[in-house]
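The next block holds one structure in the form of structure tokens; read it before the comments.
These numbers come from the heavy atoms of this one structure, side chains and all, not from hydrogens, waters or symmetry mates. Remember, it's a predicted structure, so these values are computed and weren't measured experimentally.
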Amino acid sequence: MSFPLLTATAALPAIGAVATAAVPAARRTAAKWLALLFSLGTLVLAAVVFLRFEPGGDRYQLTESRAWIADFGVRYELGVDGIGVALLGLTALLIPFVIAAAWHDADPLETKSTRWRPTQGFFALILMVEAMVILSFVATDVFLFYILFEAMLIPMYFLIGGFGDRAHAGSDESAATQRSYAAVKFLLYNLAGGLIMLAAVIGLYVVAGSFSLSEIAEARANGSLEMATSTERWLFLGFFFAFAVKAPLWPLHTWLPNAMGEATAPVAVLITAIVDKVGTFAMLRFCLGLFPEASTWATPVVITLALISIVYGALLAVGQRDIKRLIAYASISHFGFIILGIFAMTSQGQSGATLYMVNHGISTAALLLVAGFLITRRGSRLIADYGGVQKVAPVLAGTFLLGGLATLSLPGLAPFVSEFLVLVGTFSAYPVAGIIATSGIVLAALYVLVLYQRTMTGPVQESVRAMPDLRARELAVAVPLIAVLIFLGVFPKPLTEVVNPAVEHTMSDVQKKDPQPEVEAAK
């Protein structure tokens, strides 16, 4: 039996979580270093997966299959395609930066309401989320994916509710109440989506007799799987609803600003840059792969919702007074672009959507983590409490600007490539939708540049006059992320050559071909 590389990649952070949680309470620094080392080890294994993946090879590679719950046909079945390997790499890349940025976020507090923050538990939860997300990107058994899809909510709930942002206006009791509200809202929304998905998973098994993606695809290809149109559409809606909550897609998005606002900046990165990508990834793998006819049927409605997300999220970002809530609403707009690219049903759109997932994760991490460093220094999330920061902390301001420019998809930075592909793919199939989506670019420039102007330029406020610039640990977080954004902005080939063959498989699933441009014959 060949070495189970995918299992090892997911198991290493899980082992790290147990090891970190077991470190004695007095040795907090040792627990942090242990968590960081396990995350770096996972990054090495993810790099091996990326290097061993053959873009022109089988659809699912490095496969593993073992009996799990045999009486119900459930298997521990793994395999990675080009889309999954890109997102696995994103997850493994970002977690070390999340841990480094959160180095002091779970240190003990001496306040009236909280006297102890279990540092070991905080970093163990981050590693556990990493393990579950990695497995979800490589699971090819629908029931196994569902278990992971739901299980990752538990550590995320405790990360949001138990380790909230310290820069909270009001009393300790008020801060605790807001954190609890945000954590419960996050959990209830996602549990509701998961329960509806469970019904659809059971329905799929009744119809197909299997949870295995490969077996279902084979049965569909040889004609032994017959699914009534109405049944397929109901099952699609059950899956899509859960993924739309996780994504998040308007109008199921309202949990995200609360969760990101009350969580620490690194945990907010974990939410929007990593965990939420499971929703958009699953739309490609499960909605389009399992229910091609229903996906085509739902396309007009999904595109409409995506366009609303793009414009609505951007407009609300413009009017925000809270830095982290602004970034949360910007992410809602960006997820609208991702879903628009997926359901444009063109190869450019779906390639762009996959790249968008990766590039949005990196750009949002860069912007949000630097914003977290800024908020920690001032002790406030309100934009009005800043001004003139670039004069006292020029490196912090410069990295913040680069993260913001990546968020608005400036040419030369990675998100530009993905946004351009999404718009090209959308214009070729749905020109009106492409025109409406373009307004999101204009609004993105507005909310990013206004945010920078109000926080970094102008007269130096007295409260920021003594603000220190980025320290070595913080530079070690910000600089590599910005370097990756520049590299992928000028040379996206390492990702595109892995993603494009997987997109061709997805286009084949839904039996779609790219629209051919109409060329007027020469007279």
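- The minimum heavy-atom distance between Leu88 and Phe137, with the atom names listed, is N-CD1, 3.9 Å.
- Proximity of Lys32 to Thr119: side-chain heavy atoms (C-beta onward) are separated by under 4.5 Å at one or more points.
- At least one side-chain heavy atom of Leu256 sits less than 4.5 Å from a side-chain heavy atom of Asp276.
- In terms of modelled atom types and a separation under 3.5 Å, the side chain of Arg378 and the main chain of Asp385 share a donor-acceptor contact.
- In this structure, Leu93 CG and Leu90 CG are separated by 6.5 Å, a value rounded to the nearest 0.5 Å.
- Taking CD1 of Ile83 as the reference point, atom OG of Ser351 lies at 8.0 Å (rounded to 0.5 Å).
- Under the 3.5 Å distance criterion, the side-chain polar atoms of Arg285 are matched with a main-chain donor or acceptor of Ala139.
- The two residues Ile362 and Val484 have their closest heavy-atom pair at CD1-CG1, 3.7 Å.
- Residues that satisfy the side chain to side chain donor-acceptor pair (under 3.5 Å) test with Thr280, not counting sequence neighbours, are absent from this structure.
- Of the possible polar contacts, none joining the Gln120 side chain to the Thr20 backbone as a donor-acceptor pair under 3.5 Å is found.
- Around the CZ atom of Arg321, the shell of radius 6.0 Å holds no more than 12 heavy atoms that belong to other residues, nucleotides or ligands.
- By the 4.5 Å heavy-atom criterion applied to side chains, Ser418 and Val358 are not counted as neighbours.
- Nearest approach of Ala244 to Leu252, heavy atoms of both residues: CB-CD1, 3.9 Å.
- Lys324 contributes atom NZ, which lies 13.0 Å from atom CD1 of Ile383 (distance to the nearest 0.5 angstrom).
- Using a 30° and 60° split on the angle between ring planes, Tyr356 and Phe337 fall in the parallel class, below 30°.
- Aromatic ring pairs are classed by plane angle as parallel below 30°, tilted from 30° to 60° and perpendicular above 60°; the pair Phe243 and Phe286 is tilted.
- In this structure, CG on Leu40 lies 9.0 Å from CH2 on Trp33, to the nearest 0.5 angstrom.
- Within the 4.5 Å cutoff, no side-chain heavy atoms of Ser136 are placed close to those of Phe149.
- Taken to the nearest 0.5 Å, the CZ atom of Phe163 stands 7.0 Å off from the CG atom of Leu159.
- Residues Tyr312 and His253 bring their aromatic ring centres within 6.0 Å.
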Going through the distances and angles, do Arg377 and Glu474 end up as a salt bridge (Lys or Arg N to Asp or Glu O under 4.0 Å)? CA-CA 12 Å; Arg377 284 160 165 73; Glu474 296 163 335; 2.7 Å; yes
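- Checked by atom type and distance alone, the side chain of Ser439 pairs as donor or acceptor with a backbone atom of Ile436 at under 3.5 Å.
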Decide side chain to side chain contact (heavy atoms under 4.5 Å, CB included) for Asn359 and Leu488; before the verdict, give the C-alpha distance in whole Å, the side-chain angles of both, and the deciding distance to 0.1 Å. CA-CA 8 Å; Asn359 295 334; Leu488 292 178; 3.9 Å; yes
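- Taking the side chain as every heavy atom from C-beta outward, Trp103 and Leu36 approach each other to under 4.5 Å.
- Proximity of Lys185 to Glu262: side-chain heavy atoms (C-beta onward) are nowhere separated by under 4.5 Å.
- Looking only at atom types and distance, the side chain of Thr407 has no donor-acceptor partner in the side chain of Tyr447 under 3.5 Å away.
- Contact annotation: the side chain of Phe400 never approaches that of Val389 to less than 4.5 Å [non-hydrogen atoms, C-beta and beyond].
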Side chain to side chain contact (heavy atoms under 4.5 Å, CB included) between Ile327 and Thr272, intermediate numbers included: CA-CA 10 Å; Ile327 298 172; Thr272 190; 6.0 Å; no
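- Across all non-hydrogen atoms, the minimal contact from Ala268 to Ala263 is N-CB, 4.1 Å.
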For Thr9 and Leu135: C-alpha separation, side-chain torsions, deciding distance, then whether side chain to side chain contact (heavy atoms under 4.5 Å, CB included) applies. CA-CA 9 Å; Thr9 307; Leu135 267 182; over 6 Å; no
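- In this structure a side-chain-to-backbone donor-acceptor pair under 3.5 Å is missing from Glu130 to Ile126.
- The minimum heavy-atom distance linking Val245 with Trp255 is given by the pair O-NE1, 3.0 Å.
- Of the inter-residue distances, the one linking Phe186 atom CZ with Ile160 atom CD1 reads 4.5 Å to the nearest 0.5 angstrom.
- Residues Gly261 and Arg381 approach most closely at O-NH1, 3.0 Å, considering heavy atoms.
- Remark: side-chain polar atoms of Ser333 are not paired, donor with acceptor, to backbone N or O of Tyr329 under 3.5 angstrom.
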Between Leu405 and Tyr452, is the side chain to side chain contact (heavy atoms under 4.5 Å, CB included) condition met? List the steps. CA-CA 10 Å; Leu405 292 176; Tyr452 182 82; over 6 Å; no
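- In this structure, the side chains of Ser309 and Ile339 stay at 4.5 Å or more apart for every pair of heavy atoms.
- Judged by distance alone, with hydrogens and angles left aside, the side-chain atoms of Asp469 form a donor-acceptor pair with the main-chain N or O of Leu396 at under 3.5 Å.
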